[in-house]
Amino acid sequence: TEPAEVGCRVAVPFRKREVEGFVVGLRTEAPKDLTVHSVTNLIDRSPLIRPDIFELCRWISEYYVAPLGEVLKSALPPGITAKHIERGRLRSRDHAIAESGPLTVSVRPALTSEQTAAFEAIRSAKGFHTILLHGVTGSGKTEIYMRAAEHFLTAGKTSLILVPEIGLTPQLTERFAERFPGRAAILHSSLTKRQRIDEWLRIYNGDAPIVIGTRSAVFAPVQNLGLIVIDEEHETSYKQDEVPRYNARDTAVVRGKLARASVVLGSATPSMESFRNAEAKKYQYVSLTTRVEDRPLPEVEIVNMREEFAAEGKQVIF
């Protein structure tokens with residue numbers, strides 16, 4: 001008898017057992033050619049999957065030919081319950097930080113002329129806009145990401161920063177946490193179940209306007225999205241190789257389109273797809289050709305292993 005909304009989870013009878021499912025549509029009349037069973041239990045009083053995330057999940061389901069239920073399940077942290085939601089709301093009321101006052105930033109490094117041009121390209125973009133940021137290693141792409149996140153935060157918008165590997169998350173998180181104390185949340189698979197739920201709830205309740213995470217963070221329930229960054233966009237780690245299979249880089253671009261947000265793809269070695277999109281003017285191309293403070297690139301030596309094997313035998317590595 002309780003009203004259900006699209007995106008809510010429900011318990012339904014399935015043969016001799018009870019399973020969990022998602023409400024994906026509502027209709028006033030039951031189909032006459034099917035046997036209809038009643039919902040056993042309404043798990044969520046309000047939808048955990050909001051309309052924007054539901055639309056993204058439907059796109060993934062259709063584009064990658066993945067079961068919609070599996071995609072929706074991937075959009076939620078494993079094991080989240082109604083009790084977690086209520087506890088998260090109480091904690092959010094007690095520790096509201098997103099409205100804690102203006103952002104105060106300590107000392108920031110001066111931008112190079114190329115960094116300034118890249119930041120201006122992001123800041124001046126209106127609505128959905130995709131930029132390929134092609135910067136050599138050490139050219140200061142992370143500082144541009146932080147300046148952009150700061151710009152959108154000041155404008156009342158949120159930011160989503162994707163990284164390919166869990167190993168890269170702590171160092172990036174540390175820099176963002178120092179710049180934006182108390183306002184950044186992290187999402188990746190190495191967190192415990194409780195940690196993932198707690199971080200997800202901070203985001204869901206609007207307490208963390210900046211989210212940093214690996215590919216599954218593309219489903220982060222941030223609202224009023226202004227910026228999406230895909231760092232090291234060429235990395236194959238953005239591809240999910242189990243059901244539901246999807247490419248988080250391309251999915252993030254679609255999410256940016258749905259949210260009318262700015263999307264930045266950063267790399268020192270862009271993928272062929274992104275480079276071609278830049279050539280075709282689908283993406284704006286911005287390059288950083290020099291390192292910060294003109295630091296030299298490391299020396300590279302090409303080793304001919306045929307010669308090494310001929311001189312030392314097959315057991316030698318270098």
Identified side-chain contact (heavy atoms from CB on, under 4.5 Å) counterpart of Ile161 within the set Leu172, Val264, Thr142:
Leu172

Keeping His84 on the side-chain end and Thr81 on the backbone end, is there a donor-acceptor pair under 3.5 Å?
yes

Heavy-atom check, side chain of Glu233 versus side chain of Ser271, under 4.5 Å
yes

Contact between Arg255 and Ile228 at the side-chain level, heavy atoms closer than 4.5 Å - yes or no?
yes

Locate the shortest heavy-atom distance separating Val10 from Leu42; write the atom from each residue and the value.
CG1-CD1, 3.7 Å

Between the main-chain N or O of Leu288 and the side-chain N or O of Glu114, is there a donor-acceptor pair closer than 3.5 Å?
no

Would you find a donor on one side and an acceptor on the other, under 3.5 Å apart, between the side chain of Asp44 and the backbone of Ser46?
no

Report yes or no: is the cationic atom of Arg50 (NZ for Lys, CZ for Arg) under 6.0 Å from the centre of the six-membered ring of Tyr204, at an angle within 45° of the ring normal?
yes

Let's go through Glu279 and Arg276 carefully: what are the C-alpha distance in whole Å and the side-chain angles of both, what is the deciding distance for salt bridge (charged side-chain N to carboxylate O under 4.0 Å, His left out) to 0.1 Å, and is it a yes or a no?
CA-CA 5 Å; Glu279 282 187 335; Arg276 176 58 187 152; 3.5 Å; yes

Taking it one step at a time, do Glu273 and Arg249 satisfy salt bridge (charged side-chain N to carboxylate O under 4.0 Å, His left out)?
CA-CA 11 Å; Glu273 307 97 302; Arg249 178 199 64 198; 3.4 Å; yes

Could you pull out the closest heavy-atom pair between Tyr283 and Ser274, with the gap in Å?
CD1-O, 3.8 Å

Which atom of Leu227 lies closest to which atom of Ala148, heavy atoms considered:
CD2-CB, 3.7 Å

Tell me yes or no: between the side chains of His151 and Thr154, is some donor less than 3.5 Å from an acceptor?
no

Could you tell me whether the side chain of Thr290 reaches within less than 4.5 Å of the side chain of Thr112, counting heavy atoms only?
no

Whether Lys141 side chain and Gly135 backbone form a donor-acceptor pair below 3.5 Å:
yes

Closest contact, heavy atoms only, Ser139 versus Gln115
O-NE2, 3.6 Å

Is the backbone N or O of His234 less than 3.5 Å from a side-chain atom of Ser267, with the two atoms forming a donor-acceptor pair by type?
no

Only counting residues at least two apart or in another chain, list the ones meeting side-chain hydrogen bond (donor to acceptor under 3.5 Å, both in side chains) with Asn247.
none

Looking at every heavy atom in both Asp231 and Tyr238, which two are closest together, and how far apart are they?
O-OH, 2.5 Å

Report yes if some heavy atom in the side chain of Glu232 is under 4.5 Å from a heavy atom in the side chain of Val163; otherwise report no.
no

So do the side chains of Phe219 and Cys57 get within less than 4.5 Å of each other, counting heavy atoms only?
yes

Would you call Glu120-Arg123 a salt bridge at under 4.0 Å N-O?
yes

Would you say Val24 and Leu68 make side-chain contact, with heavy atoms under 4.5 Å?
yes

Between Ser61 and Ala66 (side chain of the first, backbone of the second, donor and acceptor by atom type, cut-off under 3.5 Å), is there such a pair?
yes

Is there a continuous path of hydrophobic side-chain contacts, each under 4.5 Å between heavy atoms, that joins Val39 to Ile43?
no

Leu160 side, atom CG; Ile203 side, atom CD1 - distance, nearest 0.5 Å
8.5 Å

Answer yes or no: is there a donor N or O on one side and an acceptor on the other, between the side chain of Gln195 and the main chain of Thr192, under 3.5 Å?
yes

Salt-bridged, Arg108 to Glu143, with N to O below 4.0 Å?
no

For Arg58 and Glu55, what are the C-alpha separation, side-chain angles and deciding distance, and is it a salt bridge (charged side-chain N to carboxylate O under 4.0 Å, His left out)?
CA-CA 5 Å; Arg58 192 177 284 283; Glu55 189 174 357; over 6 Å; no

With distance as the sole test, does Arg291 use its side chain to make a donor-acceptor pair with the main-chain N or O of Thr137 at under 3.5 Å?
yes

Can you confirm whether His134 sits close enough to Val286 that some side-chain heavy atom of one is under 4.5 Å from a side-chain heavy atom of the other?
no

Is there a side-chain contact (heavy atoms from CB on, under 4.5 Å) between Ile80 and Arg9? Walk through the geometry before answering.
CA-CA 11 Å; Ile80 191 167; Arg9 292 175 299 169; 3.8 Å; yes

Between Arg194 and Asp198, is there a salt bridge with N-O shorter than 4.0 Å?
yes

Using 4.0 Å as the upper bound for N to carboxylate O, is an ion pair formed by Lys73 and Glu70?
no

Hey, are the side chains of Phe275 and Tyr285 touching, using non-hydrogen atoms and a 4.5 Å cut-off?
yes

For Ile53 and Ala75, work out which heavy atoms get closest and say how close.
CG2-CB, 4.1 Å

Looking only at side chains, do Ser237 and Glu165 share a donor and an acceptor under 3.5 Å apart?
yes

